[in-house]
Amino acid sequence: MEVVMPDGSVRAFPRGTPLSAIAEAADPALARRAIAALLDGVEKDIYWPLEGGGRIEFITPESPRALEIYRHTTSHLLANAVKDLFPEVKIGIGPATEEGFFYDFERREPFTPEDLERIEARMRAIKERDLPIRRIEQPKEEALAYFRRLGDNLKVELVSEKGGPVVSCYRQGEFMDFCTGPHLPSTGRIGAFKLLSLAGAYWKGSEENQQLQRIYGTAFPTDARLQEHLRLLEEAKKRDHRKLGPALDLFSVEETAGPGLIFWHPNGTIVRQVMEDFWKEEHRRRGYQMVTTPHIARDELWRMSGHFEYYRENMYTFEIEESGYVIKPMNCPGHSLIYKSRLRSYRELPIRYAELGTVYRYERSGVLHGMMRVRGFTQDDAHIYCTREQILDEIKGVLDLVITFLKTFGYDRYEVDLSVRDATHPERYAGNADGWKMAEDALVQALQSRGLSYTRREGEAVFYGPKIDVRMFDAIGRPWQGPTVQFDFNLPQRLGIQYIAPDGSQTPVVMVHRAIYGSLERFVGGLVEHYAGSFPVWLAPVQAVVMPITDRTRDYAREVQRILRQAGLRCDLDERSEKIGAKIRDAQLKKVPFMLIAGDREAQARTVSVRSRREGDLGPMGLLAIRDRMVQMNAGRVPGP
RNA sequence: GCCGACGUAGCUCAGUGGUAGAGCAACUGAUUCGUAAUCAGUAGGUCGCCGGUUCAACCCCGGCCGUCGGCUCCA
């Protein structure tokens, strides 16, 4: 048979030659390192006997696809160790994930952290034994009989559902698992790994099903890469907004008041207001009109909008004088009422209503998370009511706005998703096919016109319309949910939102719902982590601290503060009787961008010694020079340090 | 909501049934000092809350609240 080698040459091998032998023939050094192969692009185990020839490539520990194989094999190692130590345990599934791997187990007693240590030790022992890992293809019935004999009901369920007439399993020593592979050729080839945590997880991801115990871990080909990953986890921990936020006195969550409710402290409120000012400025400039709508409304409104039907579980309701009321979970019905408060002509469109609207939603206690997932939050919401002809320009306008914001906040990397409906199930969606097509075309055209590449996500649209979602990546490469643009075919229909067309007819509007920050809480939480608490000058709660060195220069320092404050800068004065080193240390810990040191020399020369939080001592600068520089950074919303 | 872990001073953490501790922060005083911690003193706790066991509970048991890691669901 003929084999196309990795270098492109074609060579002949006898049928049944193992891929490892082909690697050997290609390059003995490669053969030693190859952990698996690609046959015409399909992953195969390295010992797999090749029957029909084809194009061969080899996967080495450095290959991007290698990681998944290492992790998947390590998850089997985990299950193997658990079975050894706890024979009564039933095994579920154990895939590789973005960050590592997990395996789900059914066991009456909970695993303890001590169990985890024992399991990890056993895993290492099995790795040491260097057991061969072999793929076994057998009739489905045989595999079923095997798992039945072990009482592994979950596996029996999986094999019955997923397996064809012949199913593949992987065996290492006494342990065998139902799996498509590929895997490392032996347990000794497994790299560095670590078990990380314990969690509950529903069988097949459904709340209806029993809950299993999930053990999480991570694995890498080398210890260096594992250590690097663990270091990154530490780094993420240091940036955690739930830690930094209270430490920098930005916000707190108060048990007395209840979970999921954010108290914005003065420092946090500065960040928030600066963001709000920027937002209002940009929106007014682009023809948005600010509106304000009430926090509560009769349930009548929410019945009309459909929320009472579809969103009730998330709404807080109460009664006043025997009428039912709802605390608003969304702003759109309110905006639509303003639109409907009188007849609208096509001449008025597009109408763009914007509101920093605070909404409250009931979220199950287990999902709450710092500022990221809360029960009360402020959306930077806007609704665009326009004609079909105006759609494209409107979407383009929104995308321009989105890009402006991403840049300003230093999110240089982002990805765009376009979520469209599952066209095979039109009954699940509001609006007609024509509307969906038109909306989708407009979204695609707008994205193209702005040179934005995107991933199309079939069936990911909400029931009321297609949407664009932006995912932004922070300074250490983690994704955050960003701006979103959504069409809404439901509300205009339900609320009868129309305009008078040139021919005098009543025509339904097209409604677009969009948010840039999403929620101020979530966005600020993300920013804290993105900047690790070191906000750029324009956002920093305190932009500079003036530090007199001795009491002799106290009055001068006060003057410096006054000058900066008069220029609109947020400037503190540290006149404690501490040494300069201590003042610097404290300002540094508060992540203040500039420290302005005022000693005798500076007072004499009408300068300050400038110290940057990031670059350290920058030497003396004239008062007006530092003032103007900071004013420029502030007004220019310079995203950097 | 579910599974598991955790909850001691503002923060970080000691404290295995017998009178609650340290460092930092805070406050007071001294010190007037040149780029990440000056020194001394003082104060600060219903050990998350409620109940139970016990002569005695921060410690053991139960319930609740909250936080964290996940699952499930979302800005």
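All values below come from the heavy atoms of this structure, side chains included, with hydrogens, waters and symmetry mates left out.
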Chemist: Measuring only the P atom in each nucleotide, how far is B:rG66 from B:rU16? A whole number of Å is fine.
Modeler: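 After rounding to an integer number of Å, I get 30 Å for this pair.
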Chemist: Tell me which nucleotide among B:rU72, B:rG34, B:rU32 gets nearest to the side chain of A:R364.
Modeler: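 Of all the options, the side chain of A:R364 is nearest to B:rU72.
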Chemist: Expressed as a whole number of Å, how far does the P atom of B:rG18 sit from that of B:rC11?
Modeler: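 These two P atoms come out 27 Å apart once rounded.
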Chemist: Are there over 12 heavy-atom neighbours, none belonging to A:Y310, within less than 6.0 Å of that residue's OH?
Modeler: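 Count not over threshold, so no.
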Chemist: So A:G616, base contact, sugar-phosphate only, or nothing? Heavy-atom distance under 4.0 Å.
Modeler: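 If one applies the 4.0 Å heavy-atom cut-off, A:G616 turns out to touch nothing in the nucleic acid.
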Chemist: Taking the side chain of A:R373 as its heavy atoms from C-beta onward, which of B:rA75, B:rG4, B:rG1 lies nearest to it?
Modeler: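 Looking only at side-chain atoms, A:R373 lies closest to B:rA75.
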Chemist: How far, in whole Å, is B:rG23 from B:rG41 if one measures between their P atoms?
Modeler: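 To the nearest whole Å, 11 Å.
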Chemist: Go through B:rA36, B:rC33, B:rC73 for me and flag the one nearest to the A:V367 side chain.
Modeler: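 It is B:rC73.
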Chemist: So what does A:I580 hit on the nucleic acid, given a heavy-atom distance under 4.0 Å: a base, only sugar-phosphate, or nothing?
Modeler: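 Counting heavy atoms under 4.0 Å across all strands, the contact made by A:I580 is with sugar-phosphate only.
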Chemist: Considering only side-chain heavy atoms of A:E578, which listed nucleotide, B:rC33, B:rU72, B:rU38, is closest?
Modeler: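 Looking only at heavy atoms from C-beta outward on A:E578, the closest nucleotide is B:rU38.
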Chemist: Within the supplied structure, the quantity of interest is the number of heavy atoms (other residues, nucleotides, ligands) at a distance under 6.0 Å from A:E208 CD; does it exceed 12?
Modeler: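 At most 12 heavy atoms, drawn from other residues, nucleotides or ligands, come within 6.0 Å of this atom.
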Chemist: Scan A:G200 against the nucleic acid and name what it touches under 4.0 Å (heavy atoms): base, sugar-phosphate only, or nothing.
Modeler: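 If one applies the 4.0 Å heavy-atom cut-off, A:G200 turns out to touch a base.
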Chemist: Name the one of A:K243, A:R242, A:R239, A:H241 that satisfies side chain to side chain donor-acceptor pair (under 3.5 Å) with A:E529?
Modeler: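 In the set A:K243, A:R242, A:R239, A:H241, the residue that makes a side chain to side chain donor-acceptor pair (under 3.5 Å) with A:E529 is A:H241.
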Chemist: Using atom P in both nucleotides, what's the gap between B:rU38 and B:rU32 to the nearest angstrom?
Modeler: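 It comes out at 15 Å once rounded to the nearest Å.
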Chemist: Under 4.0 angstrom, heavy atoms only, what part of the nucleic acid is A:F111 near: base, sugar-phosphate, or nothing?
Modeler: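 Since no nucleic acid heavy atom lies under 4.0 Å of A:F111, the category is nothing.
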Chemist: If we take the P atom in both B:rG21 and B:rA36, what is their distance in whole Å?
Modeler: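 37 Å, rounded to whole Å.
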Chemist: Base, sugar-phosphate or nothing for A:D600? Non-hydrogen atoms, less than 4.0 Å.
Modeler: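 Base, at least one base heavy atom under 4.0 Å.
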Chemist: At under 4.0 Å between heavy atoms, what does A:A515 touch on the DNA or RNA strands: base, sugar-phosphate, or nothing?
Modeler: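 No contact.
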Chemist: For A:R611 and B:rG34, give me the distance from atom CZ to atom C1', rounded to whole Å.
Modeler: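 That distance rounds to 12 Å.
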Chemist: Among B:rG1, B:rC71, B:rU32, which nucleotide sits nearest the side chain of A:E207?
Modeler: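 The nucleotide sitting nearest to the side chain is B:rG1.
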Chemist: How many whole angstroms separate atom CZ of A:R552 from atom P of B:rU31?
Modeler: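 It works out to 14 Å between those atoms.
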Chemist: For a quick check of understanding: with a heavy-atom distance under 4.0 Å over all strands, which category does A:S609 fall into, base, sugar-phosphate or nothing?
Modeler: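 Base contact - A:S609 has a heavy atom under 4.0 Å of at least one base atom.
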Chemist: Please determine, for B:rG34, whether a Watson-Crick or G-U wobble partner exists with both distances under 3.5 Å, and give it or none.
Modeler: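 Its partner is none (no Watson-Crick or G-U wobble pair with both distances under 3.5 Å).
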Chemist: Tell me if the centroids of the rings in A:F409 and A:Y517 come within less than 6.0 Å of each other.
Modeler: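 Ring-ring flag for A:F409/A:Y517: true, centres closer than 6.0 Å.
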Chemist: Can you check whether any acceptor in the base of B:rC74 is under 3.5 Å from a donor in the side chain of A:R522, or vice versa?
Modeler: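 Looking at the base of B:rC74, it does pair with a donor or acceptor on the side chain of A:R522 (distance under 3.5 Å).
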Chemist: Among B:rA36, B:rC33, B:rG1, find the nucleotide with the atom closest to the side chain of A:Y362.
Modeler: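 Given the options B:rA36, B:rC33, B:rG1, the side chain of A:Y362 is closest to B:rG1.
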Chemist: Would you mind pulling out the nucleotide paired to B:rU53, Watson-Crick or G-U wobble, both distances under 3.5 Å?
Modeler: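 Matched B:rU53 with nothing under the 3.5 Å cut-off.
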Chemist: Taking N and O atoms by type only, does the side chain of A:Y202 place a donor or acceptor under 3.5 Å from a partner on the base of B:rG1?
Modeler: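 Between B:rG1 and A:Y202, which were checked side chain against base, a qualifying N/O pair under 3.5 Å is present.
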Chemist: For A:K583 and B:rC33, is the shortest distance between a side-chain N/O and OP1 or OP2 below 4.0 Å?
Modeler: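 For B:rC33, OP1/OP2 do not have a side-chain N/O of A:K583 under 4.0 Å.
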Chemist: At under 4.0 Å between heavy atoms, what does A:K237 touch on the DNA or RNA strands: base, sugar-phosphate, or nothing?
Modeler: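 No contact.
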Chemist: Taking B:rA56 as the reference, what is the distance to B:rU19 when you measure between their C1' atoms (whole Å, please)?
Modeler: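 Result for the C1' pair: 12 Å, nearest Å.
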Chemist: Once rounded to the nearest 0.5 Å, what's the spacing between atom CG of A:L250 and atom CD1 of A:I262?
Modeler: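 Output value for this atom pair is 11.0 Å.
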Chemist: Checking all strands, does A:R361 fall into the base, sugar-phosphate, or nothing category for heavy-atom contacts under 4.0 angstrom?
Modeler: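 Since a base atom lies under 4.0 Å of A:R361, the category is base.
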Chemist: With a 6.0 Å cut-off on ring centres, are A:F105 and A:F86 close enough?
Modeler: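 No: the rings miss the under 6.0 Å criterion.
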Chemist: Mind checking if A:V359 touches a base, just sugar-phosphate, or nothing, with heavy atoms under 4.0 Å?
Modeler: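 The residue A:V359 makes no contact with any strand.
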Chemist: If B:rC59 has a Watson-Crick or G-U wobble mate with both distances under 3.5 Å, name it; if not, just say none.
Modeler: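 Pair assignment: B:rC59 / none.
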Chemist: Nearest 0.5 angstrom please: A:T378 OG1 to A:E276 CD, how far?
Modeler: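 Output value for this atom pair is 7.5 Å.
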Chemist: Let me know the distance between CD of A:Q211 and C1' of B:rA5, rounded to the nearest Å.
Modeler: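 Nearest whole value for this atom pair: 14 Å.
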Chemist: Nearest-Å distance, CH2 (A:W480) to P (B:rC74)?
Modeler: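 After rounding, the reported distance stands at 20 Å.
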Chemist: Ignoring hydrogens and geometry beyond distance, is the side chain of A:E363 in donor-acceptor contact with the base of B:rA75 at under 3.5 Å?
Modeler: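 Between B:rA75 and A:E363, which were checked side chain against base, a qualifying N/O pair under 3.5 Å is present.
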Chemist: With a non-hydrogen cut-off below 4.0 angstrom, is A:E313 in contact with a base, only sugar-phosphate, or nothing?
Modeler: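 No contact.
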Chemist: Searching all strands shown, indicate the nucleotide that pairs with B:rG44 (Watson-Crick or G-U wobble; both distances under 3.5 Å).
Modeler: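 By the stated definition (distances under 3.5 Å), nothing pairs with B:rG44.
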Chemist: Please state whether the base of B:rG70 and the side chain of A:Q213 form at least one donor-acceptor pair under 3.5 Å?
Modeler: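 Result: no qualifying N/O pair found.
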Chemist: Does B:rG10 have a Watson-Crick or wobble mate here (both distances under 3.5 Å), and if so which one?
Modeler: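 Pairing partner, where one exists within any strand: B:rC24.
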Chemist: What is the pairing partner of B:rU19, taking Watson-Crick or G-U wobble pairs with both distances under 3.5 Å in any strand?
Modeler: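 Checking every strand shown, B:rU19 finds no partner, since no pair has both distances under 3.5 Å.
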Chemist: For A:K590, look at atom NZ and say whether over 12 heavy atoms of other residues, nucleotides or ligands are found less than 6.0 Å away.
Modeler: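 Not more than 12 within 6.0 Å, no.
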Chemist: Do A:Y103 and A:Y216 have their ring centres less than 6.0 Å from each other?
Modeler: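 No, they do not, as the ring centres are separated by 6.0 Å or more.
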Chemist: What is the nucleic acid contact for A:E109, judged by heavy atoms within less than 4.0 Å: base, sugar-phosphate only, or nothing?
Modeler: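 Nothing, no nucleic acid heavy atom in range.
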Chemist: When every nucleotide of nucleotides 59-68 of chain B is labelled 5' to 3' by its protein contacts under 4.0 Å (heavy atoms), B for base, S for sugar-phosphate only, - for none, what sequence of letters results?
Modeler: ------BSSS
Chemist: Quick one: which of A:R231, A:H229, A:E235 gives a side-chain contact (heavy atoms from CB on, under 4.5 Å) with A:L233?
Modeler: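 In the set A:R231, A:H229, A:E235, the residue that makes a side-chain contact (heavy atoms from CB on, under 4.5 Å) with A:L233 is A:H229.
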Chemist: Which one, B:rG69, B:rA36, B:rU32, comes nearest to the side chain of A:D551?
Modeler: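 So the side chain of A:D551 is nearest to B:rU32.
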Chemist: Watson-Crick or G-U wobble partner for B:rC39, using a 3.5 Å limit on both distances?
Modeler: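 Because both required distances fall under 3.5 Å, B:rC39 counts as paired with B:rG29.
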Chemist: Taking only the side-chain heavy atoms of A:Y216 (C-beta and beyond), determine which of B:rG69, B:rG70, B:rG34 contains the nearest atom.
Modeler: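 Given the options B:rG69, B:rG70, B:rG34, the side chain of A:Y216 is closest to B:rG70.
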Chemist: Side chain of A:S577, base of B:rU32: donor and acceptor closer than 3.5 Å?
Modeler: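 Flag unset: no donor-acceptor pair detected.
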Chemist: Does A:G366 reach a base, just sugar-phosphate, or nothing at all? Heavy atoms under 4.0 Å.
Modeler: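 Answer is base: heavy atoms of A:G366 come under 4.0 Å of a base.
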Chemist: Between C1' on B:rG4 and CZ on A:F102, what's the gap in Å once rounded to a whole number?
Modeler: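 After rounding, the reported distance stands at 16 Å.
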Chemist: Between A:Q481 and A:R554, who's closer to the 5' end of RNA chain B by nearest nucleotide?
Modeler: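 So the residue in question is A:R554.
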Chemist: Checking all strands, does A:E521 fall into the base, sugar-phosphate, or nothing category for heavy-atom contacts under 4.0 angstrom?
Modeler: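 No contact at all - A:E521 keeps every heavy atom at 4.0 Å or more from the nucleic acid.
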Chemist: The test is side chain to side chain donor-acceptor pair (under 3.5 Å); show your working for A:T293 and A:K328 and say whether it passes.
Modeler: CA-CA 10 Å; A:T293 61; A:K328 71 171 168 181; 2.9 Å; yes
Chemist: If you take the centroid of each ring, where Trp contributes its six-membered ring, are A:F193 and A:F101 closer together than 6.0 Å?
Modeler: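 No: the rings miss the under 6.0 Å criterion.
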Chemist: Round to the nearest Å and state the distance from A:R576 atom CZ to B:rA26 atom C1'.
Modeler: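 Going from A:R576 (CZ) to B:rA26 (C1'), I get 12 Å.
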Chemist: Which one is paired to B:rA5, where only Watson-Crick or G-U wobble pairs with both distances under 3.5 angstrom count?
Modeler: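 Checking every strand shown, B:rA5 finds its partner in B:rU67, with both distances under 3.5 Å.
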